[in-house]
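One structure below.
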Amino acid sequence: MTILRKRADFLAAQGGLKAGAPTLLLSRALAPNGLEEPRLGFTVTKKIGSAVVRNRIKRRLREAARLVFRDGAVAGYDYVAIARPAALTADFGTLLDDMKRALLRLTAHPK
């Protein structure tokens, strides 16, 4: 799994399919990215907290994605995980379950 870095890739993924959960919103690009593996980006807005809080949430999301996306993501698509305030206080098991459910909803849609 590769990390998204460019704004255009984030915008393309955010314009696609969406699946929400209490701790995050996961979106997938409509068109494939032309690569052999899925790419993932993380967004945590300043409304959620200070830089320390936002970085902690991103670390939690990256670890959850590492565990969940290995088997469940569709290869060749870009995903963006947008954190919600509950991502900071939820226990890690809940964060994993939310990400799994959101990813399952996105992979259930045809390509």
Side-chain angles (χ1 to χ4, degrees):
M1 177 178 63
T2 311
I3 302 296
L4 289 179
R5 304 267 184 219
K6 295 182 181 175
R7 179 173 166 75
D9 295 334
F10 274 88
L11 294 175
Q14 288 178 342
L17 302 171
K18 292 178 176 47
T23 58
L24 62 101
L25 175 71
L26 192 63
S27 60
R28 185 187 86 186
L30 292 174
N33 59 23
L35 302 174
E36 303 263 334
E37 63 181 4
R39 295 189 304 176
L40 181 62
F42 302 96
T43 301
V44 184
T45 66
K46 287 185 179 181
K47 292 179 189 178
I48 291 183
S50 66
V52 173
V53 170
R54 293 192 311 267
N55 286 331
R56 174 176 279 166
I57 292 172
K58 281 190 261 187
R59 284 193 305 270
R60 296 183 87 211
L61 288 176
R62 273 195 300 268
E63 180 60 21
R66 186 183 69 81
L67 298 172
V68 171
F69 273 69
R70 177 179 358 165
D71 301 326
V74 178
Y77 281 88
D78 293 342
Y79 295 86
V80 172
I82 302 168
R84 293 189 170 155
L88 177 65
T89 57
D91 62 308
F92 191 69
T94 303
L95 191 64
L96 275 174
D97 291 341
D98 285 353
M99 191 170 280
K100 284 178 192 174
R101 265 187 312 206
L103 187 61
L104 281 174
R105 276 188 247 140
L106 290 179
T107 55
H109 291 290
K111 296 176 187 168

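Remember, it's a predicted structure, so these values are computed and weren't measured experimentally.
Using a distance-only test at 3.5 Å, with no hydrogens or angles considered, a donor-acceptor pair links the side chain of Arg60 to the main chain of Ala90. Checked by atom type and distance alone, the side chain of Arg105 pairs as donor or acceptor with a backbone atom of Gly20 at under 3.5 Å. A donor-acceptor contact shorter than 3.5 Å is absent between the side chain of Arg54 and the backbone of Thr45.
Here the shortest heavy-atom pairing between Pro38 and Val74 reads CB-O, 3.7 Å. Taking both residues in full, the closest heavy atoms of Ala102 and Ala19 are given as O-CB, 3.5 Å, listed atom of the first, atom of the second, then distance. Contact detail for Val68 and Lys100: the closest heavy-atom pair is CG2-CG, 3.7 Å. A pairwise comparison of heavy atoms in Tyr79 and Thr107 identifies OH-CG2, 4.3 Å as the closest pair. Nearest heavy-atom pair across Ile48 and Ala83 is CD1-O, 3.5 Å.
No continuous path of ILVMFWY side-chain contacts below 4.5 Å connects Leu106 to Leu11, so the two sit in separate hydrophobic clusters. A single hydrophobic cluster is seen to contain both Leu88 and Met99, as judged by linkage of ILVMFWY side chains at heavy-atom distances under 4.5 Å, directly or through other members. Placement of Phe69 and Val44 within a single hydrophobic cluster is found when ILVMFWY residues are connected by side-chain heavy-atom separations under 4.5 Å, directly or transitively. Cluster annotation: Val53 and Leu25 are assigned to distinct hydrophobic clusters (Ile/Leu/Val/Met/Phe/Trp/Tyr, side-chain heavy-atom contacts under 4.5 Å, transitive).
Here the CE atom belonging to Met1 is positioned 9.5 Å from the CZ atom belonging to Arg62, to the nearest 0.5 angstrom. Here the CG-CG distance, from Leu67 to Leu96, works out to 5.5 Å after rounding to the nearest 0.5 Å. Ile3 contributes atom CD1, which lies 5.0 Å from atom CZ of Phe42 (distance to the nearest 0.5 angstrom). For the atom pair CG (Leu24) and CD1 (Ile82), the distance works out to 9.0 Å, reported to the nearest 0.5 Å. Note that CG of Leu35 is 7.5 Å distant from CG of Asp78, once rounded to the nearest 0.5 Å. Going from atom CZ of Arg28 over to atom CG of Leu40 covers 13.5 Å, rounded to the nearest 0.5 Å.
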request  = Using the side-chain contact (heavy atoms from CB on, under 4.5 Å) rule, take Leu26 and Asp98 through it: C-alpha gap first, then chi angles, then the decisive distance, then the call.
outcome  = CA-CA 10 Å; Leu26 192 63; Asp98 285 353; over 6 Å; no

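Under the 4.5 Å side-chain criterion, counting only non-hydrogen atoms from C-beta, Val80 is not in contact with Asp9.
The neighbour count for Arg56 CZ, taken as heavy atoms of other residues, nucleotides or ligands under 6.0 Å away, does not exceed 12.
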